[in-house]
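Indexing begins at 1, ligand by ligand and atom by atom, following the structure's order. Please read all numbers here as calculations on a predicted model, not as lab measurements. In what follows, residues are counted from 1 in the order of the sequence shown. All values below were derived from every heavy atom in this structure, side-chain atoms included, with hydrogens, water molecules and symmetry-related copies excluded.
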Amino acid sequence: MSKVLVSDPIDQAGIDILTQVATVDVKTGLTPAELIEIIGEYDALMIRSGTRVTQEIIEAGTGLKIIGRAGVGVDNVDVPAATRRGIVVVNSPEGNTIAAAEHALAMMLSLSRHIPDANASVKSGEWDRKTFVGAEVYKKTLGVVGLGKIGSHVATVARAMGMKLLAYDPFISTERAEQLGCQLVEIDLLMQQADYITLHIPKTPETTHLINAKSLAKMKPTARIINCARGGIIDEAALAVAIKEGQIKGAALDVFESEPLGESDLRSLGKEIILTPHLGASTTEAQVNVAIDVAEQIRDVLLGLPARSAVNIPGFGPDVLEELKPYMQLAETLGNLVGQLAGGRVESLTVRLQGELASNKSQPLVVASLKGLLYQALRERVNYVNASIEAKERGIRVIETRDASARDYAGSLHLEATGTLGTHSVTGALLGDKEIHLTDVDGFPINVPPTKYMLFTLHRDMPGIIGKLGSLLGSFNVNIASMQVGRKIVRGDAVMALSIDDPLPDGILAEIVKVSGIRDAYTVTL
Ligand SMILES: NC(=O)c1ccc[n+]([C@@H]2O[C@H](COP(=O)([O-])OP(=O)(O)OC[C@H]3O[C@@H](n4cnc5c(N)ncnc54)[C@H](O)[C@@H]3O)[C@@H](O)[C@H]2O)c1
Ligand SMILES: O=C(O)[C@H](O)COP(=O)(O)O
């Protein structure tokens, strides 16, 4: 049975799903060293933002197939390191959207009405109504930075509260912004005009310290900023100075450059600042959503099924995979076959997607072809996650072409591999929508289903050659299951494809090429 380690607090609904297929150990609060010590025992790791999954941990996780992040942000996972090791990284892109959006809105209202400090004041025995006079958000301008899932929900609710909306998101269309009632503007204008600014962007090299001393200086002295996205998007030291010096009115932060928040000037500020301990996703509903979403994906991957929200194999959603499933197998088989025909070191692979496969949706077939191509070298270590990266690291150039006009079959796939020993090509299609057939080898038309052990010869089409080859194989006790010759012209060059019951014994290939008329012979195990 597989083993799953859950290293952050996860809702029981997720654990229940995992226990259907695996032994589950819940061990929270592990130090990095403790995690490295035990991770080698596990097939899957389930985390929230509390576990940093570094390259060292990934390398120690020799049996890991999947890392599941019960939440959105995967910035605590070294995704490139996981990809290199063929480990799928999944998240729950939508499970906590509403929770995070509502937390940002709650922060905005709390900040405007000083709710945390007013509450603390009453609880300490005071009745102070003067200090806590607030401001309304109605008719104020909200600047939304990042108009993705969370930003969109914040915008929708804020609009219903009568706020005017500006948005900055270079990857969103003007139409989408307008649908949400937002005016799309540049960041500088948003910083200058907004009364409230709320951040809903990922932390990337471009967004790190996007809000810094210079941009804070552009804000109105009455403006407030809210960060429920990621720590480090705001320069905390600059923010503390801006609030202390009255350059801006206040801030509400749920996320920090370093978590848990240690010594910080932010703690010493008064009612102008609200700090929460990364609570954006901490609602009962969101925790159930993300736990189920991610546990289901871990379960599926452990059962050999695709994950629906893999962050390191884009385009491999279950719908696409379901549709392409028989073709994925075709692509892997052809990749494996052409790799063995080419032998030696493959330098380039051309993948031609033909007929109905010429659509953009077929991109996973290129990855499947590479997985097949690399199978002989890497065996089970190559998968859909790392096939492209492994090919790149081996210097294999991948050329992808599309030909929608090829109509011999509904869809067919043509692979050509060039390596140190020459160039070979294979074409394949599906018969009756699921049976794989080889329809061409090295430009010679054939029609055979691939089998586990095969022998291909390149020979002159002349009388007696089939008999000679049959006798030779018989003398080595090799049983032929089926045989087909493909030729373009009578008595010209031809290809013979034989299915054999067992692997060819050592030394027989050298004997085969001695048969007069046979120029080359290749044995293949699929
Ligand atoms: N506080 C929490 O507990 C909590 C909970 C959930 C999500 N989050 C965080 O909230 C953020 C947003 O999540 P989401 O689900 O809305 O993501 P999303 O991918 O749906 O949206 C992000 C948006 O940011 C935009 N964007 C990317 N780079 C940008 C840039 N340089 N400048 C401006 N816009 C840029 C994208 O175009 C996208 O529209 C993420 O950082 C996520 O990790 C925090
Ligand atoms: O990216 C996220 O989903 C949020 O930051 C939530 O993090 P959490 O799961 O640790 O609460």
Give me the residue, atom name and distance of the protein heavy atom closest to atom 6 (C) of ligand 2. A281 CB, 3.5 Å

For ligand 2, the portion of A100 having any non-hydrogen atom under 4.0 Å away: neither

In ligand 2, which numbered atoms sit nearer than 4.0 Å to a non-hydrogen atom of V72? 1 (O), 2 (C), 3 (O)

N96 and ligand 2 - part of the residue with a heavy-atom distance under 4.0 Å: side chain

Suppose we measure from atom 2 (C) of ligand 2 to each protein heavy atom; which comes out shortest, and what is that distance? R69 NH2, 3.1 Å

Nearest heavy-atom neighbours spanning G71 and N91: O-CB, 3.3 Å

Can you list the ligand 2 atoms lying under 4.0 Å from a non-hydrogen atom of G73? 1 (O), 2 (C), 3 (O)

Contact atoms of ligand 1, heavy-atom distance to H200 under 4.0 Å: 12 (C), 22 (C), 23 (C), 24 (O)

Only heavy atoms of A70, strictly under 4.0 Å: list the atoms of ligand 2 that pass. 9 (O)

Value for CD (E400) from OG1 (T350), rounded to nearest 0.5 Å, stands at 10.5 Å

Ligand-side contact atoms (ligand 1) for residue partner G73, heavy atom cut-off under 4.0 Å: 43 (O)

Give me the nearest non-hydrogen protein atom to atom 10 (O) of ligand 2 as residue plus atom name, then the distance to 0.1 Å. S49 OG, 2.3 Å

Counting from 1 in the order shown, the ligand 2 atoms closer than 4.0 Å to a non-hydrogen atom of G71 are 3 (O)

Quick one: nearest non-hydrogen protein atom to atom 11 (O) of ligand 2, plus distance? R48 NH2, 2.8 Å

May I ask whether Q287 places a heavy atom under 4.0 Å from ligand 2? no

